[in-house]
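Have a look at the structure below, then the notes.
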There are 2 protein chains.
Amino acid sequence: MTKNKLEITDTTTGEKIKEAARKVFTKKGYAATRTRDIAEEAGINLALLNYYFRSKEKLFDIVMRENMQQLLIGLRSVLYNETTTLLHKIKAIVSNYINLLRKHPDLPLFILSEIKANPDKFAMNIGARTLLLKSHFFKQVKETGKGKINPIQIIINIIGLTVFPFIASPLLKHVGDLNQKEFDALMKERKKMIPIWINGMLKVK
Amino acid sequence: MTKNKLEITDTTTGEKIKEAARKVFTKKGYAATRTRDIAEEAGINLALLNYYFRSKEKLFDIVMRENMQQLLIGLRSVLYNETTTLLHKIKAIVSNYINLLRKHPDLPLFILSEIKANPDKFAMNIGARTLLLKSHFFKQVKETGKGKINPIQIIINIIGLTVFPFIASPLLKHVGDLNQKEFDALMKERKKMIPIWINGMLKVK
DNA sequence: ACCTGTTTTAATCAATTGATTAAATTATTT
DNA sequence: AAATAATTTAATCAATTGATTAAAACAGGT
């Protein structure tokens, strides 16, 4: 069985390890993760981790690359669509990301922590820069704010308003006295509100 | 010299260790920090760390407590001032925090990461909840948004718009192609803009 | 100068951690 | 079935890590 018996849920040993690694890395971060935790989570012998992925770091690189990939999938098609309004794009971006983050709430804190811990490692990605800066979306932000506002500020606000509550969720739940259900309801409401708020910013002055 | 020769900059051995620990912990996080890194940064023998603070964790607890303290200092006097307008309070909060974060840019990511890594440890702080929820500031947010908007959403937005850029700064600098100077200019501009943006949100609908 | 308590140092410990090895088991090919 | 290749396991390694110890250096009081 070297190649696919159509692998019912593609549950190769390698795949099991990778998914276990994603879970543990994302929850605890690279430094706090023990390869033995990953092995246990995957239900495999520790040595198999090195057999399939050479090292903890190589495994991490693969998981992280896929995680970042996931955040960019589908973004290009929105950013570069020349047939939709700016407001429509903002609604799509915010809605898609909040849906994604409700499924993977600790993705942003994980990614931002690891970028900070090792900025050089992620410096390569010149593609992410042009993806945004050359987009139809960015042009629309520029001309809608026509000189009044730096478009980067608007970008920061869209991402910040969308992502921040998930980054700070333990804190917000505590000081706001919210359970998971109430927090979820807030995030659902934000899907509607953030585009309205951003729209307001674009009309300031 | 058992007690103060007025300690020119209070540079006790214990203080040197604590400040070195603050620097290393804040930069690398608890898990990635080695007690030997702290000792080297402080220029002291490793054993002195345990002599003065018993353990890595106890030292961390002290540093973290002080860090969180720093974020709350001066907040109460703003939140509970019954003589100022809501807009005035928002300006004060945003301005104070951006000033603080420009001096200590990796404080928020550090704190939020550690809270997520160990939520129980920080669960005690029932004081932080009432500090916000019982404040004159919170009442003003409630009545200004009069039923139209959940005040918690406004709180999230104020904190998010203020703090998020610092959390995501390596990413923002990269995709926005910003150097430190340009990033700083953006943060300066946000001191003016965030209160305006929040004001707009309070008037939505 | 001598004693006493505090601070500092070098050496060391036990536990943990990422990784490897050699043998075993299992699958595939001939 | 035999041979070969791939996968899995248990045992072990060397390096790192947080912490401790016993001795040395230092200070203040008498």
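A, B, ... follow the sequence lines: proteins, then strands. Residue 1 opens every chain.
Between B:Phe25 and B:Phe110, the distance separating the two ring centers is not shorter than 6.0 angstrom.
Rounded to an integer number of Å, the gap from CD1 of B:Ile17 to P of C:dT7 is 11 Å. One can place CD1 of B:Ile38 at 13 Å from C1' of D:dA19, the figure rounded to the nearest angstrom. Whole-Å rounding puts the A:Arg36 CZ to D:dT9 C1' distance at 14 Å. Rounded to an integer number of Å, the gap from A:Lys16 NZ to D:dT7 P is 14 Å. Here C:dT16 presents its P atom at 12 Å from CG of A:Asp37, a figure rounded to the nearest Å.
For residues 25-34 of chain B, proximity to DNA chain D is found at B:Thr33, B:Arg34, defined as any non-hydrogen atom under 4.0 angstrom from a strand atom. Of the residues in residues 39-51 of chain B, those placing a heavy atom less than 4.0 Å from an atom of DNA chain C are B:Asn45, B:Ala47, B:Leu48, B:Tyr51, in numerical order.
Closest to the B:Thr35 side chain, of the nucleotides C:dA19, D:dT8, D:dG18, is D:dG18.
For the side-chain hydrogen bond (donor to acceptor under 3.5 Å, both in side chains) with A:Asn67, the qualifying choice from A:His104, A:Arg22, A:Glu114 is A:Arg22, the only one to do so.
Partners of B:Ser113 according to the side-chain hydrogen bond (donor to acceptor under 3.5 Å, both in side chains) rule, which considers only residues two or more places apart in sequence or in another chain, are A:Ser113. A search for side-chain hydrogen bond (donor to acceptor under 3.5 Å, both in side chains) contacts involving B:Glu82 returns nothing, not counting sequence neighbours. Under the rule for a ring pair (Phe, Tyr, Trp, His ring centres under 6.0 Å), A:Phe53 has no partner lying at least two apart in sequence or in another chain.
Between the CD1 atom of B:Ile90 and the CD1 atom of B:Ile194 there is a distance of 10.5 Å, given to the nearest 0.5 Å.
Minimum interatomic distance between B:Ile167 and B:Pro108 (heavy atoms only, all atoms of both residues): CG1-CB, 3.9 Å. Closest approach of A:Ser169 and A:Phe183 over heavy atoms only: CB-CZ, 3.6 Å.
Residue contacts for A:Tyr52: at a heavy-atom cut-off of 4.0 Å it reaches the sugar-phosphate backbone alone, with no base atom in range.
Sorted by first and then second residue, the salt bridge (charged side-chain N to carboxylate O under 4.0 Å, His left out) pairs involving residues 129-140 of chain B (not counting sequence neighbours) are A:Asp177-B:Arg129.
Taking 4.0 angstrom as the limit, A:Ser55 places none of its side-chain polar atoms (N or O) nearer than this to OP1 or OP2 of C:dG18. For the pair A:Thr13 and D:dT7, the criterion of a side-chain N or O lying under 4.0 Å from OP1 or OP2 is not met.
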